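Computed from a predicted structure; not experimentally measured. Computed over heavy atoms, backbone and side chain alike; hydrogens, waters and symmetry mates excluded.
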Amino acid sequence: MSDAARMTGELARQLRLMRTACTTFDTGDEEQALHIGTILRTLFHQTNSSTSLMTHLGAAAPEKIHATKRHHGDWKDFLAIELTPAAAPPIRTAPLLGRAVLEPVPVKDWWFDQPVFVHNGTDYSRKRIVLSMVNKDGGAHVDELEKFYVVLQEGMNFVGIKGSMTFDGPAPYPQEQWIYPNNGHFSLLRQFGHEVLESAARDGWG
């Protein structure tokens, strides 16, 4: 088998793994985002010591990717907020998936440049979020988390809810204190996976 054929086959395999991880995520296993992140790193992360699959593909690599259309310049382009006042937790994020309009952008812009999350005036790209999850939050390694990623995990830059309700029995979550969605980092990775899979389907990757 030639190197080119092997890399084309590897792209098809990584896309199958992505589909499996995304399907399982959608059944409620949000920690599949760790697998989505690892696949994204394999596909796009290029360093002096590690060659991305897109680089291995060379001229066969796609030049554009169908990205979520931007309106706000932050997480609000990618996620919806879901409120379920009687549930625990009462507030969650959800990836927009097919509810989002996609538009083609250069792969470089998609991976390196587009702001996805903003903290203290600093923009964080898909690359920064993916690598923080994979390299520090258990996708492939565990290490001290970056401050922006902790803020993303804790959800305090999202919308919060302050419970003040009466329940027939114990309250399912603390009352009279702010609660924020703590799954935004997972939901963002699922939306990134959606973008990749849609691009593969529309443009015939693999």
Side-chain angles (χ1 to χ4, degrees), residues 15 18-19 21-23 25-26 28 30 32-34 36-37 39-41 43-45 54 61-85 87 89-134 137 146-162 178-205:
L15 292 173
M18 177 77 80
R19 291 187 194 97
C22 288
T23 299
F25 181 106
D26 295 343
E30 292 185 331
Q32 289 295 319
L34 299 171
I36 295 171
I39 296 164
L40 290 171
R41 186 181 70 168
L43 291 174
F44 298 105
H45 184 46
M54 292 300 171
E63 296 181 355
K64 293 186 179 294
I65 192 165
H66 293 272
T68 302
K69 190 170 183 178
R70 311 310 303 273
H71 302 284
H72 304 283
D74 64 8
W75 65 268
K76 292 186 287 293
D77 291 324
F78 301 91
L79 307 180
I81 298 293
E82 297 183 342
L83 295 174
T84 311
I91 184 168
R92 305 284 285 169
T93 65
L96 291 177
L97 303 180
R99 291 175 285 174
V101 174
L102 302 184
E103 59 181 3
V105 302
V107 170
K108 177 183 178 297
D109 292 349
W110 180 86
W111 181 239
F112 289 101
D113 298 331
Q114 287 191 340
V116 173
F117 182 68
V118 181
H119 174 59
N120 283 345
T122 300
D123 296 338
Y124 293 92
S125 64
R126 290 174 180 82
K127 175 186 173 182
R128 286 293 304 277
I129 295 168
V130 168
L131 294 184
S132 284
M133 180 177 289
V134 173
D137 195 26
E146 295 177 84
K147 177 60 178 176
F148 90 89
Y149 187 85
V150 173
V151 173
L152 178 57
Q153 276 187 322
E154 293 176 347
M156 295 183 69
N157 282 30
F158 299 124
V159 176
I161 184 173
K162 188 174 184 180
W178 285 102
I179 299 173
Y180 298 91
N182 62 0
N183 69 328
H185 55 315
F186 291 155
S187 295
L188 283 173
L189 267 289
R190 176 62 181 92
Q191 187 67 21
F192 303 163
H194 172 73
E195 294 170 323
V196 168
L197 292 177
E198 279 294 304
S199 298
R202 295 183 188 191
D203 296 340
W205 299 9

- Message: Please determine whether side-chain contact (heavy atoms from CB on, under 4.5 Å) holds for the pair Met133 and Leu34, giving the CA-CA distance in whole Å, both sets of side-chain angles, and the decisive distance to 0.1 Å.
- Response: CA-CA 7 Å; Met133 180 177 289; Leu34 299 171; 3.5 Å; yes

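- The aromatic rings of Phe148 and Phe117 lie tilted to each other, with the angle between the two planes from 30° to 60°.
- With Asp74 as reference, Lys76 is the one residue of His71, His72, Arg70, Lys76 to meet the side chain to side chain donor-acceptor pair (under 3.5 Å) rule.
- Contact check for Ile81 versus Thr93: side-chain heavy atoms found under the 4.5 Å cut-off.
- Side-chain N or O atoms of Gln191 include one that pairs as donor or acceptor with a backbone N or O of Leu97 at under 3.5 Å.
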- Query: Please walk me through it: do Val196 and Trp110 pass side-chain contact (heavy atoms from CB on, under 4.5 Å)?
  - Reply: CA-CA 10 Å; Val196 168; Trp110 180 86; 3.8 Å; yes

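- Other residues, nucleotides and ligands contribute at most 12 non-hydrogen atoms within 6.0 Å of the CD atom of Glu63.
- Between Asp137 atom CG and Ser132 atom OG the span is 8.5 Å, to the nearest 0.5 Å.
- Atom CD1 of residue Ile179 and atom NZ of residue Lys162 lie 11.0 Å apart, to the nearest 0.5 angstrom.
- Using a 4.5 Å cut-off on side-chain heavy atoms (C-beta onward), Arg202 and Leu102 make contact.
- Between the CD1 atom in Ile129 and the CG atom in Leu40 there is a gap of 11.5 Å [rounded to 0.5 Å].
- Counting heavy atoms from C-beta on, the side chains of Leu152 and Trp75 never come closer than 4.5 Å.
- Between Met54 and Val107 the shortest side-chain heavy-atom distance does not fall below 4.5 Å.
- Listed for the Arg92 side chain is no donor-acceptor partner under 3.5 Å among the backbone atoms of Asn183.
- Scanning all heavy atoms of the two residues, the minimum distance from Ala100 to Thr68 falls at CB-CG2, 3.8 Å.
- In this structure, Val116 and Ser125 approach most closely via the heavy-atom pair CG2-C, 4.2 Å.
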- Query: Please walk me through it: do His185 and Tyr149 pass ring pair (Phe, Tyr, Trp, His ring centres under 6.0 Å)?
  - Reply: CA-CA 8 Å; His185 55 315; Tyr149 187 85; 5.7 Å; yes

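- No donor-acceptor distance shorter than 3.5 angstrom exists from the side chain of Glu30 to the backbone of Ser187, with no hydrogens or angles considered.
- Nearest heavy atom pair, residue Phe25 against residue Ala33, reads CD1-N, 4.1 Å.
- Taking all atoms of both residues into account, the shortest heavy-atom contact from Gln32 to Ala21 is CB-O, 3.4 Å.
- Between Phe78 and Phe192, the ring planes lie perpendicular to each other; the angle is over 60°, past the 30° to 60° tilted range.
- A donor-acceptor distance shorter than 3.5 angstrom exists from the side chain of Ser199 to the backbone of His66, with no hydrogens or angles considered.
- The line from NZ of Lys127 to CG of Asp113 is 10.0 Å long, rounded to the nearest 0.5 Å.
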- Message: Working note: Asp26 + Arg190, criterion salt bridge (charged side-chain N to carboxylate O under 4.0 Å, His left out); need CA distance, chi angles, decisive distance, verdict.
- Response: CA-CA 9 Å; Asp26 295 343; Arg190 176 62 181 92; 2.8 Å; yes

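- Under a 3.5 Å cut-off, the side chain of Asn157 and the backbone N or O of Val151 do not form any donor-acceptor pair.
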- Message: Run the side-chain contact (heavy atoms from CB on, under 4.5 Å) test on Leu79 and Phe158 for me, step by step, so that the C-alpha distance in whole Å, both residues' side-chain angles and the decisive distance to 0.1 Å come before the verdict.
- Response: CA-CA 10 Å; Leu79 307 180; Phe158 299 124; 4.2 Å; yes

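- Ile36 has its side chain within reach of Met18: a pair of non-hydrogen atoms, C-beta onward, lies under 4.5 Å apart.
- Here the side chains of Phe44 and Ile65 are in contact, with some heavy-atom distance below 4.5 Å.
- For the atom pair Arg126 CZ and Leu189 CG, the distance stands at 11.0 Å (nearest 0.5 Å).
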